[in-house]
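Heads up, the thing below is written out as structure tokens.
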Amino acid sequence: MFHTLRFRLLVVLILVMVAAVGSIALVSTQVTTRTFRGYENRRGVLRDRRFEGFLAMYYARYEDWSGVQPELERMGQITGERVLLADGRGRIIADSEGELIGQPVGQGWGPPAALIVHNEAPVGALYVGLPGGPPGVEGFLASINRSLLMVAVAAGLGAVLLTLGLSRRIFAPVEALTAAARRMEAGDLSQRVEVTSNDEIGDLARAFNAMADGLARLEELRRQLVNDVAHELRTPLTNIRGYLEALRDGVVEPDRRVIDSLHEEAIHLNRLVDDLQELSLAEAGQLRLQRQPVALADVVDQAIGTFGSRAEARGVALHVDLPEDLPLVEVDPQRVGQVLRNLLDNALTHTPPGGEIHVVASASDEWVEVSVRDTGAGISAEDLPHVFERFYRADKSRSRATGGAGLGLAIARQLVEAHGGRIEVESKVGHGTQFTFTLPVAES
């Protein structure tokens with residue numbers, strides 16, 4: 001508990017609150033005390049001067065202090081404090097409360113508030129607010145300071161309670177995220193957290209959910225990859241095993257037809273392994289490219305030549321439209337030829353007899369754009385985002401008549417991106433499909 005982020009943050013916030021409230025209370029107390037005492041001192045000086053002037057005039061008129069007691073009583077009522085008048089010998093001759101008349105001035109009273117002078121000789125001393133009397137200014141200040149202290153304590157407690165509430169509100173989503181992450185660590189990829197705000201915590205929750213979706217998708221792809229590899233390997237291995245068992249048992253003769261079938265299955269296995277290795281190297285960025293300035297027309301002619309007889313046999317027309325002034329491209333001709341062959345093979349597989357396949361190109365300042373367009377069945381909107389994923393086949397039966405292992409387009413994407421280009425697909429069911437990729441122009 002003491003090492004948790006919540007506890008540390010709570011302690012820090014409480015300390016900050018206490019320091020802030022305590023500082024405010026201390027400064028407020030000092031400022032209030034200093035200001036009020038300054039005000040009282042100024043008011044007391046003015047009051048004492050008025051009393052001094054009044055008593056000096058009184059003595060000058062009567063030349064003694066007889067009858068001054070009522071005047072001191074009125075002064076006490078005005079000030080709200082005890083007022084005393086002593087004669088030149090230090091004996092009390094008047095008291096606003098009438099208790100100390102005739103007694104000597106106390107030793108602990110301190111200096112008088114004013115000296116009454118007549119003919120340059122002191123004839124009396126005025127005392128206001130004796131020690132040990134009513135609280136007066138100090139009592140008022142003590143009351144103010146107690147009130148400030150109580151307010152500071154109440155504010156501090158309120159701040160602590162508010163901090164506790166805020167920390168709970170802030171860390172509840174974090175704790176939910178932590179719990180979900182731990183369950184994901186244990187293998188439960190279905191964990192998601194509720195997004196309850198639009199602040200940084202909400203962004204973190206959304207990022208977590210996106211990560212969880214990505215991990216679930218990767219796990220699904222991993223499982224699908226294992227299933228697809230097993231499927232692609234199982235069919236030729238089963239055929240080879242069947243032929244070998246039949247040969248061993250003498251059911252069939254080792255004639256040319258059987259040997260050709262075994263050879264075809266071995267070639268299929270070899271091609272599958274080569275494609276997997278090539279795709280793995282491309283995805284790891286370890287595929288070596290022999291880049292050189294190449295005329296794209298030569299690469300396209302070689303690829304078209306490979307598929308010419310197949311297209312003619314299927315009744316599909318191949319058309320090539322390349323500008324004569326097409327610039328050279330800085331590519332590995334073997335790899336770009338492989339991209340074209342994969343795209344042409346995919347187009348030829350899905351284009352019915354009487355259809356057409358067009359290979360066109362155009363150039364810009366830095367790129368040459370190549371498109372392979374067919375008039376085949378097209379790709380559904382549901383399958384379109386996944387066509388470049390390895391082993392993805394729109395035909396879930398994975399029949400060889402409708403395509404290969406589902407690696408051709410994935411390899412094509414990796415090879416194009418290895419050249420620094422991009423590849424895109426556009427398709428509409430019943431109207432055909434167009435694959436477009438870019439290649440860098442060679443520097444002149």
Without swapping roles, check the side chain of R291 against the backbone of E330 for a donor-acceptor pair under 3.5 Å.
-> yes
Taking every non-hydrogen atom, the tightest pair across G76 and S96 | CA-CB, 4.0 Å
Can you tell me if CZ on R182 sees more than 12 non-hydrogen neighbours from other groups inside 6.0 Å?
-> no
Distance in Å, R192 CZ paired with L177 CG, rounded so as to fall on 0.5 Å steps = 12.5 Å
Return yes when atom CD of Q334 has more than 12 non-hydrogen atoms of other residues, nucleotides or ligands closer than 6.0 Å, and no otherwise.
-> no
If you count the non-hydrogen atoms of other residues, nucleotides and ligands that lie under 6.0 Å from NE2 in H319, is the total more than 12?
-> yes
Determine, step by step, whether L340 and V299 satisfy the side chain to side chain contact (heavy atoms under 4.5 Å, CB included) criterion, reporting the C-alpha distance in whole Å, the side-chain angles of both residues, the deciding distance to 0.1 Å, and the verdict.
-> CA-CA 9 Å; L340 284 169; V299 180; 4.0 Å; yes
Would you say T375's side chain and E356's backbone share a donor-acceptor pair under 3.5 angstrom?
-> yes
Does CE in M150 sit with more than 12 non-hydrogen atoms of other residues, nucleotides or ligands closer than 6.0 Å?
-> no
V193 side chain reached by N209 side chain, heavy atoms, under 4.5 Å = yes
Could you give the distance from CZ (R241) to CG (L262), rounded to the nearest 0.5 Å?
-> 14.5 Å
Any donor-acceptor pair under 3.5 Å linking the side chain of R314 with the backbone of T351?
-> yes
From CA spacing to verdict: side chain to side chain contact (heavy atoms under 4.5 Å, CB included), L348, L318 | CA-CA 10 Å; L348 192 58; L318 284 175; 5.8 Å; no
Correct closest heavy-atom pair for D332 and Q290 would be OD2-N, 2.8 Å
Taking every non-hydrogen atom, the tightest pair across V441 and P327 | CG1-CB, 4.0 Å
Looking at S362 and L326, what are the two nearest heavy atoms and their distance?
-> C-CD1, 4.2 Å
Just how far is it from atom CZ of R42 to atom CZ of R47, taken to the nearest 0.5 Å?
-> 14.0 Å
Salt-bridge present (R257, D260; N to O < 4.0 Å) = no
Less than 4.5 Å apart, any side-chain heavy atom of L55 and any of L126?
-> yes
Is E312 atom CD crowded by more than 12 heavy atoms from other residues, nucleotides or ligands, each under 6.0 Å away?
-> no
Exercise: do S371 and E369 side chains pair donor with acceptor under 3.5 Å | no
Interatomic distance, H350 atom NE2 to D374 atom CG [nearest 0.5 angstrom] | 9.0 Å
What pair of heavy atoms forms the shortest contact from E52 to L115, and how long is it?
-> OE2-O, 3.2 Å
Just do the side chain to side chain contact (heavy atoms under 4.5 Å, CB included) check on T438 and V370 with the steps written out, would you?
-> CA-CA 6 Å; T438 58; V370 184; over 6 Å; no
Nearest heavy-atom pair of D383 and S380: which atoms, and what distance?
-> OD2-OG, 2.9 Å
Just say parallel, tilted or perpendicular for the rings of F435 and F388, cut-offs at 30° and 60°.
-> perpendicular
To the nearest 0.5 angstrom, please state how far the CZ atom of F51 sits from the CD1 atom of I78.
-> 5.5 Å
Rounded to the nearest 0.5 Å, what separation is found between the CG atom of D249 and the CG atom of L244?
-> 10.5 Å
Compare all side-chain heavy atoms of H419 with those of F437 and state whether any distance is below 4.5 angstrom.
-> no
